Chemist: 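Please read through the structure below; I'll follow up with questions.
All of these numbers come straight from a predicted model, not from anything done at the bench. Naming: A, B, ... by sequence-line order, numbering from 1 per chain.
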Amino acid sequence: MSMASELPAWAALPAAILVLLGAAVTLIGSVGLLRLGTFYARVHAPTLGTTFGMGCILAASALCFSVLEGKLVIHEILIAAFVTLTTPVTLMLLARASLYRDRTEGNRDVPGSDDVEDLMPPKA
Amino acid sequence: MSALILAWAVTGAQLLLGLAMCCATYRLVVGPRAQDRILGLDTLYVNAMLLLVTFGIRAGSSLYFEAALIIGLLGFVATVALAKFLMRGEVIE
């Protein structure tokens, strides 16, 4: 607890709120991953939850380090930008792969490839 | 007083993130299908990254930040490779 004791109150209170809020939103996203019924419903919950939660927690971290070192420390933006860019890519790739598998198995819950044009990847 | 508030908030956030990791681990172990497991693994590494960031806030060290950055980079590559494996049956063609 070396760092928290040196922070002034006006920085510690917003940082505490941001950290708790971010962790709570992340937990809500993960509970959605646990509880929702189908894969296509599940894929959205952790994507949204972790993106918002990550924003709050990284903002708290940037605030703490900036106040502690007396200058603007924003290297957390590296993580924030990277995760914000890659999480939708992950969602899209996983959903496309799952759709492809469901179609090749002839699953009736998803629309067939004739209904939606040009969504099927080329067959290997 | 304010230091105590921040310390308790970081501890509570770590508990919440640990619960979130438990949810993701359940989905990783139970499935039911391969894409569910990969989604659970993806959520698990993002939660672990956030947990490392909260450890960094607690300790005031930038070493945790670098570990979190590496987890974020490698986790994305792992998820992309696994999704490609689901789709095509091999990663490097």
Side-chain angles (χ1 to χ4, degrees), chain A residues 1-13 15-17 19-20 22-24 26-35 39 42-43 45-47 49-51 53-54 57-58 60-61 64-65 68 73 75-76 78-79 82-83 86-87 89-90 93-98 100-101 121 124, chain B residues 1-10 12-17 19-24 26-27 32-36 38-40 42-44 46-47 49-51 53-54 56-62 64-66 68-69 72-73 75-76 79-80 82-90 93:
Chain A
M1 211 46 62
S2 63
M3 175 177 180
S5 55
E6 298 166 13
L7 274 180
W10 60 268
L13 279 178
I17 292 172
V19 163
L20 271 183
T26 309
L27 178 61
I28 289 170
S30 296
V31 168
L33 171 72
L34 186 66
R35 293 294 304 274
F39 174 78
R42 275 197 286 267
V43 78
T47 305
T50 53
T51 304
M54 173 213 64
I57 291 181
L58 289 179
S61 176
C64 281
F65 280 104
L68 200 72
V73 179
H75 56 202
E76 280 82 5
L78 272 178
I79 292 185
F82 189 76
V83 173
T86 56
T87 307
V89 177
T90 306
L93 282 174
L94 274 179
R96 292 272 300 261
S98 173
Y100 175 73
R101 280 163 66 90
Chain B
M1 184 59 198
S2 64
L4 205 61
I5 288 175
L6 183 59
W8 278 105
V10 169
Q14 283 170 349
L15 281 177
L16 294 183
L17 286 173
L19 277 178
M21 284 178 78
C22 287
C23 295
Y26 178 85
R27 195 47 79 193
R33 299 192 69 198
Q35 52 262 39
D36 292 302
I38 295 178
L39 187 61
D42 187 68
T43 313
L44 184 66
V46 177
N47 289 344
M49 192 189 75
L50 292 179
L51 193 61
V53 173
T54 59
I57 293 178
R58 180 187 285 265
S61 160
S62 66
Y64 288 101
F65 162 77
E66 283 153 24
L69 187 60
L73 288 166
F76 169 67
T79 309
V80 168
L82 285 170
K84 190 156 192 301
F85 181 77
L86 274 194
M87 211 150 173
R88 306 293 291 263
E90 53 190 331
E93 295 168 60

Chemist: Please flag which part of A:Phe82 lies under 4.5 Å from any non-hydrogen atom of chain B: side chain, backbone, both or neither.
Modeler: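 The answer is the side chain of A:Phe82.
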Chemist: Only pairs of heavy atoms separated by less than 4.5 Å count here; which of A:Ala15, A:Gly53, A:Ala16, A:Ala95 has the most with chain B?
Modeler: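 So the answer, after comparing A:Ala15, A:Gly53, A:Ala16, A:Ala95, is A:Ala16.
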Chemist: With rounding to the nearest 0.5 angstrom, report the NZ to CG distance, B:Lys84 to A:Leu94.
Modeler: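 Spacing of NZ (B:Lys84) from CG (A:Leu94) equals 14.0 Å.
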Chemist: Checking heavy atoms, do the side chain of A:Val31, its backbone, both or neither come under 4.5 Å from chain B?
Modeler: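 Both backbone and side chain.
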Chemist: Between A:Ser30 and B:Thr43, what is the shortest heavy-atom contact and its length?
Modeler: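 Reported closest heavy-atom pair: OG-CG2, 3.7 Å.
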Chemist: Side chain, backbone, both or neither: which part of B:Leu73 has a heavy atom under 4.5 Å from chain A?
Modeler: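 Its backbone and side chain both get close to chain A.
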Chemist: Quick one: of B:Phe85, B:Phe65, B:Tyr26, who has the most non-hydrogen atom pairs under 4.5 Å with chain A?
Modeler: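 Between B:Phe85, B:Phe65, B:Tyr26, the count favours B:Phe65.
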Chemist: Check A:Val19 against B:Ala9 and note the closest heavy-atom contact, atom names and distance.
Modeler: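 Where A:Val19 meets B:Ala9 most closely, the heavy atoms are CG1-O, 4.0 Å.
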Chemist: Look at B:Asp42, B:Val10, B:Leu15 and state which one has the largest set of heavy-atom pairs under 4.5 Å with chain A.
Modeler: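 Of the candidates given, the most pairs with chain A belong to B:Asp42.
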Chemist: Name the region of B:Val46, side chain, backbone, both or neither, that has any atom closer than 4.5 Å to a heavy atom of chain A.
Modeler: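 For B:Val46, side-chain heavy atoms alone lie under 4.5 Å from chain A.
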Chemist: Roughly how far, to the nearest 0.5 Å, is CZ of B:Arg27 from CZ of A:Arg42?
Modeler: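 It is 4.0 Å, given to the nearest 0.5 Å.
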Chemist: So B:Leu86 and A:Tyr100, side-chain contact (heavy atoms from CB on, under 4.5 Å) or not? Walk me through it.
Modeler: CA-CA 9 Å; B:Leu86 274 194; A:Tyr100 175 73; over 6 Å; no
Chemist: Can you give me the closest heavy-atom contact between B:Ile57 and A:Ile57, atom names plus distance?
Modeler: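 Scanning both residues, the minimum pair turns out to be CD1-O, 4.3 Å.
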Chemist: Rounded to the nearest 0.5 Å, what separates atom CE in B:Met87 from atom OG in A:Ser98?
Modeler: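 Answer rounded to 0.5 Å: 10.0 Å.
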Chemist: Please report the closest heavy-atom contact between B:Ala83 and A:Leu93, naming both atoms and the distance.
Modeler: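 Smallest heavy-atom distance, with atoms named: CB-CB, 4.0 Å.
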Chemist: Is B:Met49 in contact with chain A via its backbone, its side chain, both, or neither, using a 4.5 Å heavy-atom distance?
Modeler: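 Only the side chain of B:Met49 comes within 4.5 Å of chain A.
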Chemist: Go through the atoms of A:Leu13 and report whether side chain, backbone, both or neither lie under 4.5 Å from a heavy atom of chain B.
Modeler: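 For A:Leu13, the contact with chain B is made by the side chain alone.
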Chemist: Any idea which heavy atoms bring A:Leu27 and B:Ala20 closest together, and the distance?
Modeler: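 Here A:Leu27 and B:Ala20 meet closest at CD1-N, 3.4 Å.
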Chemist: Can you name the residues that form a side-chain contact (heavy atoms from CB on, under 4.5 Å) with A:Thr51, not counting sequence neighbours?
Modeler: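 Counting only residues at least two positions away or on another chain, A:Thr51 forms a side-chain contact (heavy atoms from CB on, under 4.5 Å) with A:Thr87.
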